[in-house]
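Naming: A, B, ... by sequence-line order, numbering from 1 per chain. Predicted, not measured: the structure shown is a model, and the values here were computed from it.
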Number of protein chains: 2
Amino acid sequence: MQRSMGILGTRWKPIIIYTLRDRKARFGQLDALIENISRKVLTSSLKELEEDGIILREEFKELPPRVEYALTEKGKALIPIMCQLAKWNEEYYEEPAALEL
Amino acid sequence: MQRSMGILGTRWKPIIIYTLRDRKARFGQLDALIENISRKVLTSSLKELEEDGIILREEFKELPPRVEYALTEKGKALIPIMCQLAKWNEEYYEEPAALEL
DNA sequence: TAAAGTAGTTACCTTTGCGTAACTATCAAA
DNA sequence: TTTGATAGTTACGCAAAGGTAACTACTTTA
């Protein structure tokens with residue numbers, strides 16, 4: 001547990017992983033999809049998650065440049081956990097959907 | 001998700017919650033059960049988790065003093081998530097148990 | 001020649017997380 | 001009167017996390 005938390009125990013990394021649960025995404029897409037994250041934190045988090053073997057960075061030699069991020073197997077193993085966490089969040093913190101009448 | 005991570009996105013809080021998954025515990029017990037945590041971080045984390053409605057602090061008017069910490073309903077809802085995380089940790093980072101021959 | 005698009009980087013700064021060590025309060029027991 | 005046990009608190013400081021804004025590099029398109 002201690003080791004995991006050394007890797008995941010930040011405000012943004014779980015959100016990045018959650019965002020990649022069902023898609024690859026480019027840097028700019030992640031920046032747009034994740035509200036309020038700064039490009040700087042996104043850059044450094046992606047770098048660290050890659051070092052820790054949780055995401056994969058694929059660079060296409062095109063112009064303009066294209067880089068895609070995706071979860072590795074180790075990262076994919078976190079998907080159910082992140083989804084449960086999102087559900088917990090909704091249950092306790094989000095606006096309930098409009099009541100049916 | 002953002003809200004949850006504002007609450008849980010630290011190195012120690014998930015570990016504290018995980019430690020309380022199957023027991024109440026006193027301050028000193030938590031300090032002993034969780035390796036390497038400092039009393040200071042334990043104090044402040046417990047205080048914040050209580051403010052966020054995840055744990056309950058019960059103070060007994062005895063001498064020497066006794067204080068017990070336990071998960072609330074909202075906190076208990078996190079147990080399966082923390083257990084999965086612990087499992088993920090074991091799978092990818094812990095020593096595998098001795099191989100059978 | 002200038003703008004536009006992509007994927008960052010860099011400099012600078014503030015806040016938070018975390019650590020260590022010493023100290024507090026209370027009462028009972030030695 | 002000193003020790004022991006419990007549950008902290010306080011002072012001090014470092015490092016990591018995070019934010020903002022401006023800047024870079026490359027090539028195509030206008």
With sequence neighbours excluded, what pairs up with A:E73 under the side chain to side chain contact (heavy atoms under 4.5 Å, CB included) test?
A:K76

For A:N36, what residues pass the side chain to side chain contact (heavy atoms under 4.5 Å, CB included) criterion, not counting sequence neighbours?
A:W12, B:Q2

Considering residues at least two apart in sequence or located in another chain, which fulfil the salt bridge (charged side-chain N to carboxylate O under 4.0 Å, His left out) criterion with A:D31?
A:R39

Angle between the two end axes of the helix from C:dT1-D:dA30 to C:dA30-D:dT1, five base pairs per end, rounded to 10 degrees?
30°

Sequence-distant partners of A:K74, side-chain hydrogen bond (donor to acceptor under 3.5 Å, both in side chains), two or more places apart
B:Y93

Does any pair with a residue in residues 53-64 of chain B pass side chain to side chain donor-acceptor pair (under 3.5 Å), and if so which ones, sequence neighbours excluded?
B:R57-B:E59, B:R57-B:Y69, B:E62-B:R66

Please enumerate all residues that pass side-chain hydrogen bond (donor to acceptor under 3.5 Å, both in side chains) together with A:N89, with sequence neighbours excluded.
A:E94, B:S4

Any donor-acceptor pair under 3.5 Å from A:T72 side chain to A:G53 backbone
yes

Under 3.5 Å, sequence neighbours excluded: what are the donor-acceptor pairs made by side chains of residues 15-27 of chain A?
unit_1 : atom_1 : unit_2 : atom_2 : d
A:T19  : OG1    : A:I15  : O      : 2.7
A:R21  : NH1    : A:Y18  : O      : 2.9
A:R26  : NH2    : A:P65  : O      : 3.4

Anything under 3.5 Å between a donor and an acceptor, one on a side chain of residues 44-51 of chain B, the other on a protein residue two or more places apart or in another chain? List them.
unit_1 : atom_1 : unit_2 : atom_2 : d
B:S44  : OG     : B:K40  : O      : 3.4
B:S44  : OG     : B:V41  : O      : 3.2
B:S45  : OG     : B:V41  : O      : 2.7
B:E48  : OE1    : B:K13  : NZ     : 2.6

DNA chain C contacts among residues 11-19 of chain A, heavy-atom distance under 4.0 Å
none

Using whole Å, what does the distance between atom C1' of nucleotide C:dG19 and atom CD of B:E35 come to?
16 Å

Please list each protein N or O that sits under 3.5 Å from an N or O in nucleotides 7-10 of chain D, with the distance.
unit_1 : atom_1 : unit_2 : atom_2 : d
D:dA7  : OP1    : B:R26  : NE     : 2.9
D:dA7  : OP1    : B:R26  : NH2    : 3.0
D:dA7  : OP1    : B:V67  : N      : 3.2
D:dA7  : OP2    : B:G28  : N      : 3.4
D:dG8  : OP1    : B:R57  : NH2    : 2.6
D:dG8  : OP2    : B:Y69  : OH     : 2.9
D:dG8  : N7     : B:R39  : NE     : 3.4
D:dT9  : OP1    : B:K47  : NZ     : 3.3

Return each pair, listed once, that meets salt bridge (Lys or Arg N to Asp or Glu O under 4.0 Å) where at least one residue sits in residues 1-11 of chain A; pairs must be two or more places apart or across chains.
none

